[in-house]
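In what follows, a structure is listed as structure tokens, so that the remarks can point back to it.
In this text, all values refer to a predicted model and were calculated from it rather than measured experimentally.
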Amino acid sequence: MLRIMCQLAISAVLVAMIGANAEARTQPRDPAAIAKLQSEVGAEVSLDAATGSAKFVKIKRGAQARATAMTAQAKKDSTSSFINRNAGAFGLKAGSAELKLRRMESDSYGQTHLTYTQEYAGLPVFGAVLKAHFDASGELSVVNGTVVPDIAVSAAPSRSTGEAEAAAVRFVIGNGLSARGSRLLVFREGLAKGVPGDNHLAYEVEVGNGTDVREFIYVDAHSGKVIDQITGTPDALNRRAYDAQGATAPGPNYPATPFWIEGQAFPTGTLEADNMISASKETYDLFFNAFGRDSFDAAGATMDSIFNRGNGCPNASWNGLFISFCPGTTSDDVTGHEWAHAYTEYTD
């Protein structure tokens, strides 16, 4: 029963998050091209929320001819042919001519994977990567990734690199900052967030101080305005565990004296603590790997968990700040269930 409750709670979070994304994917950018692609591959096509173009294409087995030979060139040719036939569905004007092959590799299952990046007027397009996957028989099975459509920006910058770097440094708060490198590219606003946005010719400027500040600032190469910022020192898993010592949660040790903090030796030797610490990581990894969500608030919040509480037993709960457990309840399903409450609270 507890495991079912945990699955239901986590499912509620997944439905809320997927539902929010689905609302953004209302209409394909090119309905006719998407319909043609669906007819060709014999399966549904997932759309990119930011662009309305195809982002995941699962090709029904037998819908495409196998590569004429099991050679690398044959697979490249097969991929180019597929993309050229369906350029409009992917948001490409010139088909495979807009893509550059960066990597081709095979795995232990005999599958081959080709990775392409998008270019515009010889410039890289930020975040635009398309991948083609061949099964062990040489048949194209999946094409997935993100392509930026409708690029129509002047590739000749109106602002100099120095002007862009100065604007980027001014934008970041901190001491001892300097521009540590820059490059010119095409930047699509909202792409990483999955929302529609405008295309810009932009400078990507790395700003840092060599210690605790590293930010990537995107400056419009024509207007000189900052259009986005991405941190180069992202938050990561940060857990703390506390022993309530049989008292009402959070007990006498919270928050000053944790039983265990991130980076200390694990396992701790205390089963109740080990269970909830380990299951907290599993929950974090699930949402991070599936949705890129950094902790329950999507902003790297510390995940505090408390074992050996003495109130309301036998039970476990999330109270808006931490999860806490009566003795014998720190199993993986119960821990995941309580963290699911936290994720739900921040995704409604």
Side-chain angles (χ1 to χ4, degrees), residues 14-66 76-101 113-121 123-135 139-155 185-201 227-228 290-292:
L14 297 177
V15 168
M17 298 177 76
I18 293 172
N21 288 336
E23 290 177 1
R25 298 195 295 265
T26 53
Q27 295 294 330
R29 172 186 167 277
D30 187 336
I34 293 296
K36 175 180 175 295
L37 175 59
Q38 289 175 325
S39 176
E40 177 174 334
V41 302
E44 289 296 317
V45 176
S46 297
L47 302 181
D48 190 294
T51 67
S53 298
K55 75 168 184 178
F56 184 89
V57 181
K58 173 70 174 177
I59 302 170
K60 187 177 180 180
R61 191 166 182 79
Q64 296 291 307
R66 288 185 175 86
K76 294 176 188 176
D77 293 342
S78 181
T79 301
S80 294
S81 176
F82 179 80
I83 291 173
N84 289 337
R85 291 196 308 274
N86 296 286
F90 290 103
L92 294 166
K93 292 180 180 178
S96 60
E98 296 179 52
L99 303 176
K100 185 171 184 177
L101 181 64
H113 312 279
L114 290 77
T115 300
Y116 297 84
T117 55
Q118 184 183 4
E119 293 189 346
Y120 173 80
L123 297 172
V125 180
F126 178 83
V129 177
L130 196 66
K131 296 189 176 186
H133 309 272
F134 288 82
D135 63 21
E139 188 171 345
L140 183 63
S141 58
V142 171
V143 177
N144 70 294
T146 298
V147 169
V148 174
D150 307 319
I151 303 175
V153 300
S154 171
L185 45 69
V186 175
F187 187 87
R188 174 68 170 250
E189 277 188 276
L191 190 68
K193 296 178 182 178
V195 298
D198 296 326
N199 295 321
H200 299 262
L201 180 69
I227 54 179
D228 209 341
F291 301 104

Stepwise side chain to side chain contact (heavy atoms under 4.5 Å, CB included) test for F82 and L37
CA-CA 10 Å; F82 179 80; L37 175 59; 3.6 Å; yes
P149 and S53 have their tightest heavy-atom pair at CG-OG, 4.0 Å
CG/D228 to NE2/H200 distance, rounded to the nearest 0.5 angstrom?
9.0 Å
Considering all heavy atoms of both residues, which atom of A121 and which atom of A155 are nearest to each other, and what is their separation?
CB-CB, 3.8 Å
Could you go through the side chain to side chain contact (heavy atoms under 4.5 Å, CB included) check for L114 and L101 one step at a time?
CA-CA 7 Å; L114 290 77; L101 181 64; 4.0 Å; yes
Taking I83's backbone N and O only, do any of them form a donor-acceptor pair with S96's side chain (distance below 3.5 Å, no angle check)?
no
Over all heavy atoms of both residues, which pair between K131 and T115 is shortest? Give the atoms and the distance, please.
CE-OG1, 3.6 Å
Ion pair present between K93 and E98, side-chain N to carboxylate O less than 4.0 angstrom?
no
Suppose we screen for side chain to side chain donor-acceptor pair (under 3.5 Å). Which residues come up paired with T146, at least two apart in sequence or across chains?
D48
Minimum side-chain heavy-atom gap R85-K36 below 4.5 Å:
yes
For residues H113 and F134, determine if any side-chain heavy atom of one lies less than 4.5 Å from a side-chain heavy atom of the other.
no
Sorted by chain and residue number, the side-chain contact (heavy atoms from CB on, under 4.5 Å) partners of P124 (sequence neighbours excluded) come out as R183, L185
Checking D198 now: which residues fulfil salt bridge (charged side-chain N to carboxylate O under 4.0 Å, His left out) with it, not counting sequence neighbours?
none
When you compare the side chain of Q118 with that of I151, does any pair of heavy atoms fall below 4.5 Å?
yes
Which residues pass the side-chain contact (heavy atoms from CB on, under 4.5 Å) test with D77, sequence neighbours left out?
Q73
Do the side chains of V153 and Y120 get nearer than 4.5 Å, heavy atoms only?
yes
Taken to the nearest 0.5 Å, the spacing of S46 OG from K58 NZ works out to 12.0 Å
What residues form a side-chain contact (heavy atoms from CB on, under 4.5 Å) with A33, not counting sequence neighbours?
D30, A89
Would you mind reporting whether V148 and L191 have side-chain heavy atoms less than 4.5 Å apart?
yes
Could you check whether any side-chain N or O of S39 sits under 3.5 Å from a backbone N or O of A35, counting only pairs where one atom can act as donor and the other as acceptor?
no
Nearest heavy-atom contact between I227 and E189 is O-OE2, 4.1 Å
What heavy-atom pair brings A54 and V45 nearest, and what distance separates the two atoms?
CB-CG1, 3.6 Å
If you look at every heavy atom in T51 and R29, which pair is closest and at what distance?
O-CB, 3.5 Å
Any side-chain heavy atom of E119 within less than 4.5 Å of one from L99?
no
Side chains of E40 and N86: does their closest heavy-atom pair fall under 4.5 Å?
yes
The criterion is ring pair (Phe, Tyr, Trp, His ring centres under 6.0 Å); which residues satisfy it with F126, sequence neighbours excluded?
F187, Y218
Can you confirm whether F56 sits close enough to V143 that some side-chain heavy atom of one is under 4.5 Å from a side-chain heavy atom of the other?
no
Identified side chain to side chain contact (heavy atoms under 4.5 Å, CB included) partner of T117 from the options V129, V125, L130:
V129
